[in-house]
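Take a look at the structure set out below.
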There are 2 protein chains.
Amino acid sequence: MDVDVAGASTATATATADDARPAGTGRRRGRPSTPVLSQEAITRVTLRLITRRGYEAFTLAALAKELHVSVSALYNHAASKQQVLLWAQDAINATIDTGPFATLPWDEALASWARSYRDAYADVTPLIPVMAVLPVSDAPGSLAMYETVVAALVEAGWSGGEAVNAVVAVESFVFGSALDTAAPAEIFDVSEDAAPVFAAAVADRHRRYGRGAATADAAFDLGLDALLAGLRARHGSGA
Amino acid sequence: MDVDVAGASTATATATADDARPAGTGRRRGRPSTPVLSQEAITRVTLRLITRRGYEAFTLAALAKELHVSVSALYNHAASKQQVLLWAQDAINATIDTGPFATLPWDEALASWARSYRDAYADVTPLIPVMAVLPVSDAPGSLAMYETVVAALVEAGWSGGEAVNAVVAVESFVFGSALDTAAPAEIFDVSEDAAPVFAAAVADRHRRYGRGAATADAAFDLGLDALLAGLRARHGSGA
DNA sequence: ACCTGAACACCGTTCAAGT
DNA sequence: ACCTGAACACCGTTCAAGT
């Protein structure tokens with residue numbers, strides 16, 4: 001599936017080009033000759049809305065408006081708002097790159113996968129608690145991803161059980177790090193009086209690593225390197 | 001502050017013992033001679049409700065009912081539902097144990113802190129996305145925690161900037177792992193046809209580590225050990 | 001089968017009125 | 001100052017009616 005969250009590759013001059021009902025087509029009563037909605041159209045617009053305006057602003061009313069359709073029309077395709085979010089999850093998971101597992105040593109592939117994973121979720125952080133708890137059997141795209149990743153670890157000599165644990169551990173770090181990218185830049189702006197050592201450390205951090213997204217990246221890099229160094233110490237380098 | 005999420009230490013025969021308005025006291029009109037509500041009472045009941053019934057069931061109507069008060073009475077104390085949740089966060093953070101930083105080497109203390117942190121949040125996973133993004137300056141309890149942790153790392157020779165990055169990295173892993181504890185036990189129940197290697201690995205995982213919470217613990221242990229091994233490799237053992 | 005618009009129960013928030 | 005109850009705008013979901 002082509003996810004195209006930002007609509008970049010299909011971007012046109014008019015916003016309505018991506019919408020379900022062609023611009024200028026007035027609403028009619030009764031069943032249309034050709035369906036206006038589809039899972040694909042709903043999912044595409046869902047990702048666009050969440051990415052651009054955030055999760056709080058994502059209501060079925062907003063979704064229906066963007067699709068030029070009534071709210072109740074959505075229920076002919078999706079059973080609930082939750083289902084719409086699950087479709088969004090599967091589409092996002094489909095964008096995570098597992099290609100490196102075919103060519104790189106397991107540790108480098110795992111690091112590459114973790115970065116791709118975090119990037120995919122950083123735009124849709126409010127979905128993380130929904131997705132972290134979702135049974136993967138309901139999400140075909142996710143299932144294929146796990147198969148690829150675990151197979152590479154098992155091939156490299158990991159036991160199945162420990163391979164799954166390693167994947168869960170990396171995933172936990174990825175989810176938490178994606179949440180961190182959503183934190184405001186001033187999250188650690190504290191007065192020197194209240195916490196002098198911490199305030200000085202935060203100032204030093206900004207000197208070394210910059211501000212905003214750059215600091216979140218630095219923490220992610222440090223954590224990922226440490227995590228993989230620890231996993232390598234257990235199972236040897238993948239090279 | 002005594003948080004007492006489950007109400008265990010003050011548990012009595014009647015549920016109303018913890019509530020704001022004494023049992024049997026009927027509602028009167030106008031201002032009461034002594035205030036019925038307080039930030040403390042609201043926070044205590046909030047934590048109890050979220051822990052017992054989950055975040056979805058936590059509405060101001062449910063909170064007010066448990067406090068034997070009208071919904072609008074809450075607005076004399078809290079500016080919004082969001083503020084009630086922030087109070088809950090600070091109370092939770094106050095239960096995280098930073099004591100080990102005073103006596104143990106930095107790596108062991110960090111591991112102990114991470115475990116305490118994860119346990120504190122595992123019961124209130126739906127708050128994690130709220131809290132991961134919350135400026136710490138608004139939460140005095142959290143601020144004291146960061147001061148203690150960062151001071152211990154700096155004392156051990158870390159630069160301030162890298163100490164903060166390490167804390168953020170561990171925190172990210174903790175948040176993600178706390179989310180994982182909320183996942184249903186069958187989250188990885190997949191058919192052998194769809195993903196044979198993965199299905200076998202999941203079965204092996206259950207043989208080795210058990211089911212449900214035990215598997216989440218095993219993944220957390222593996223990840224935390226690896227993360228700390230990696231951090232130690234950078235900065236030497238704390239012993 | 002697939003759309004519309006009205007209806008429903010519920011949500012967070014505001015506010016005048018009471019003491 | 002701190003409570004109550006009515007009112008408001010909004011939310012997700014259901015359903016009869018239309019083609």
Side-chain angles (χ1 to χ4, degrees), chain A residues 16 19-43 45-46 49-50 53-88 126-127 129-130, chain B residues 16 19-43 45-46 49-50 53-88 126-127 129-130:
Chain A
T16 50
D19 297 345
R21 208 190 281 270
T25 307
R27 292 195 190 182
R28 289 188 181 76
R29 335 180 80 243
R31 180 165 94 102
S33 53
T34 165
V36 180
L37 291 178
S38 64
Q39 174 177 337
E40 200 189 6
I42 292 172
T43 302
V45 175
T46 293
L49 280 177
I50 292 179
R53 299 187 216 162
Y55 179 73
E56 294 73 23
F58 178 71
T59 62
L60 294 187
L63 177 59
K65 186 175 185 181
E66 199 82 356
L67 287 161
H68 300 298
V69 119
S70 76
V71 174
S72 52
L74 297 168
Y75 285 85
N76 288 306
H77 301 263
S80 63
K81 184 184 185 181
Q82 176 74 4
Q83 170 141 86
V84 172
L85 293 174
L86 300 192
W87 288 345
L127 289 184
V130 178
Chain B
T16 50
D19 296 344
R21 207 191 282 270
T25 307
R27 293 193 189 184
R28 289 188 183 75
R29 333 181 80 239
R31 179 165 94 100
S33 54
T34 165
V36 180
L37 292 178
S38 64
Q39 175 177 335
E40 200 190 4
I42 292 172
T43 303
V45 175
T46 294
L49 280 177
I50 292 180
R53 299 187 216 162
Y55 179 73
E56 294 73 24
F58 179 72
T59 63
L60 294 188
L63 177 60
K65 186 176 186 182
E66 198 83 355
L67 287 161
H68 298 115
V69 120
S70 76
V71 175
S72 50
L74 297 167
Y75 285 85
N76 288 306
H77 301 262
S80 63
K81 184 184 185 182
Q82 175 75 4
Q83 170 144 83
V84 172
L85 294 174
L86 300 192
W87 289 344
L127 289 184
V130 178

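Excluded from the calculations below are hydrogen atoms, water molecules and symmetry mates; all remaining heavy atoms, backbone and side chain alike, are included. Lettering follows sequence order; numbering is per chain, from 1.
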In whole angstrom, give the distance that lies between atom CG of Asn76(A) and atom C1' of dT13(D). 13 Å

Nearest-Å distance for atom pair CG/C1', residues Leu74(B) and dC2(D): 12 Å

Sequence neighbours left out, what passes salt bridge (Lys or Arg N to Asp or Glu O under 4.0 Å) with Arg31(A)? Give chain and number order. none

State which residues pass side-chain contact (heavy atoms from CB on, under 4.5 Å) with Ser72(A); sequence neighbours excluded, sorted by chain then number. Ser70(A)

When rounded to the nearest 0.5 angstrom, what is the spacing between CD in Gln83(B) and CD1 in Ile42(B)? 9.0 Å

Interatomic spacing from CG in Leu67(B) to OG in Ser38(B) - rounded to 0.5 Å: 8.5 Å

For residues 53-63 of chain B, which side-chain donor-acceptor pairs fall under 3.5 Å, sequence neighbours excluded?
residue	atom	partner	partner atom	Å
Arg53(B)	NH2	Glu66(B)	OE1	3.4
Thr59(B)	OG1	Ala62(B)	N	3.0

Using a cutoff of under 3.5 Å, can you pull out all pairs of nitrogen or oxygen atoms linking the protein to nucleotides 10-12 of chain C, with atom names and distances?
residue	atom	partner	partner atom	Å
dG12(C)	OP1	Lys81(B)	NZ	2.8
dG12(C)	OP2	Leu60(B)	N	3.0

Closest approach of Leu74(A) and Ala64(A), non-hydrogen atoms and distance? CD1-CB, 4.1 Å

Grab the two heavy atoms, one from Tyr75(A) and one from Ser80(A), that are nearest each other, plus how far apart they are. CE2-CA, 4.3 Å

Between Asn76(A) and Leu37(A), does the side-chain contact (heavy atoms from CB on, under 4.5 Å) criterion hold? Intermediate values first, please. CA-CA 9 Å; Asn76(A) 288 306; Leu37(A) 291 178; over 6 Å; no

Between dC2(C), dG5(D), dC3(D), which one does the side chain of Ser72(B) approach most closely? dG5(D)

Does a nitrogen or oxygen in the side chain of His77(A) sit under 4.0 Å from OP1 or OP2 of dA1(C)? no

Protein-nucleic acid N or O pairs under 3.5 Å, nucleotides 17-19 of chain D:
residue	atom	partner	partner atom	Å
dG18(D)	N2	Arg31(A)	N	2.5
dT19(D)	O2	Arg31(A)	N	3.3

Reading DNA chain D 5' to 3', what string of ( ), [ ], | and . shows its pairs, if Watson-Crick and G-U wobble pairs count only when both distances fall under 3.5 Å? ||.|||||...|||||.||

